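Because the structure is a prediction, the values reported are computed rather than measured.
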Amino acid sequence: MIVDDNDRFLNAAGALLERDGITVVAVATNSAEALRRAGELRPDVLLVDVELGHESGLDLTRRLMAAASVPQARVILMSAHSEDDFGGLIGASPALGFLAKARLSGGAIRRLLGDGHRVPG
């Protein structure tokens with residue numbers, strides 16, 4: 001599942017990941033929709049934009065990880081900015097890792113899921 005407030009990015013990222021063999025079960029553009037859809041669909045992985053318009057992807061990540069309806073979810077934070085731009089906030093979050101949007105790919109997601117390390121960017 002991809003959570004981002006930019007429809008163009010959602011379409012492009014979904015198409016890219018599907019070509020890379022990743023099934024995108026849903027997209028959401030805000031926290032409320034993401035929580036609802038994640039509770040309904042129980043995706044294995046959620047890609048969450050750090051900056052969701054006027055909302056925080058970091059806050060959403062904490063809420064997703066605490067939600068009883070999404071017990072097995074793994075969250076990967078993403079941004080058009082570098083992880084360094086967030087001054088340790090991403091490292092302190094319960095997210096599995098971080099991907100720069102420019103490096104988003106099925107392979108990068110698989111690497112994060114496989115070894116639990118952040119992909120540089």
Side-chain angles (χ1 to χ4, degrees):
M1 182 172 161
I2 306 171
V3 184
D4 195 289
D5 61 322
N6 183 312
D7 287 329
R8 288 181 54 203
F9 176 78
L10 285 173
N11 292 331
L16 170 80
L17 294 175
E18 292 280 347
R19 280 193 307 273
D20 283 351
I22 303 287
T23 301
V24 177
V25 296
V27 297
T29 59
N30 59 56
S31 294
E33 183 180 14
L35 287 162
R36 182 179 57 76
R37 299 288 307 213
E40 292 169 356
L41 300 170
R42 297 179 181 231
D44 295 325
V45 177
L46 290 100
L47 298 173
V48 176
D49 189 7
V50 174
E51 298 173 306
L52 287 172
H54 298 293
E55 299 178 297
S56 166
L58 294 165
D59 289 342
L60 173 59
T61 297
R62 284 188 280 279
R63 291 173 66 192
L64 285 164
M65 300 301 287
S69 61
V70 194
Q72 302 298 324
R74 292 173 285 178
V75 176
I76 297 173
L77 289 165
M78 60 183 178
S79 178
H81 303 284
S82 165
E83 181 177 3
D84 295 337
D85 292 345
F86 298 99
L89 292 173
I90 291 173
S93 80
L96 172 68
F98 173 84
L99 278 173
K101 286 183 178 181
R103 296 183 184 258
L104 182 63
S105 70
I109 290 169
R110 287 184 190 93
R111 283 190 294 279
L112 273 173
L113 295 174
D115 63 20
H117 291 92
R118 297 178 192 284
V119 174

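Here the closest heavy-atom approach between residue A108 and residue L99 is recorded as CB-CD2, 3.6 Å. The minimum heavy-atom distance linking S79 with E51 is given by the pair OG-OE1, 4.4 Å. Of all the heavy atoms in L46 and A38, the pair that sits closest is CD2-CB, 4.0 Å. Across I90 and E83, no two heavy atoms sit closer than the pair CG2-OE2, 3.7 Å. Considering every non-hydrogen atom in both A26 and L41, the closest pair reads CB-CD1, 3.4 Å. Counting all heavy atoms, side chain and backbone alike, L112 lies closest to G97 at CD2-CA, 4.1 Å.
Between F9 atom CZ and L16 atom CG the span is 8.5 Å, to the nearest 0.5 Å. Rounded to the nearest 0.5 angstrom, M1 CE and E40 CD are separated by 9.0 Å. In this structure, OG on S56 lies 10.5 Å from CZ on R63, to the nearest 0.5 angstrom. Expressed to the nearest 0.5 Å, how far CG of D59 lies from CG of L52 amounts to 10.0 Å. For the atom pair CZ of F86 and CG of L77, the computed distance is 9.0 Å after rounding to the nearest 0.5 Å. Taking CG of L113 as the start and CG of D44 as the end, the distance is 8.5 Å to the nearest 0.5 Å.
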Starting from the C-alpha separation in whole Å, work towards a yes-or-no answer on side chain to side chain contact (heavy atoms under 4.5 Å, CB included) for V3 and R37. CA-CA 10 Å; V3 184; R37 299 288 307 213; over 6 Å; no

Side chain to side chain contact (heavy atoms under 4.5 Å, CB included) assessment of M78 paired with D4: CA-CA 9 Å; M78 60 183 178; D4 195 289; 4.0 Å; yes

Under the side chain to side chain contact (heavy atoms under 4.5 Å, CB included) rule, what do L104 and L47 come out as? Steps first, then yes or no, please. CA-CA 10 Å; L104 182 63; L47 298 173; 4.0 Å; yes

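In terms of modelled atom types and a separation under 3.5 Å, the side chain of N30 and the main chain of A32 share a donor-acceptor contact.
Residues D49 and K101 are paired through a salt bridge, judged by an N-O separation under 4.0 Å between the basic side chain and the carboxylate.
Taking 4.5 Å as the limit, every side-chain heavy atom of D7 sits out of range of all side-chain heavy atoms of V27. Side-chain contact between L64 and V48 is present, with at least one heavy-atom pair separated by less than 4.5 Å. Looking at M65 and V75, their side chains come closer than 4.5 Å, going by heavy atoms from C-beta outward.
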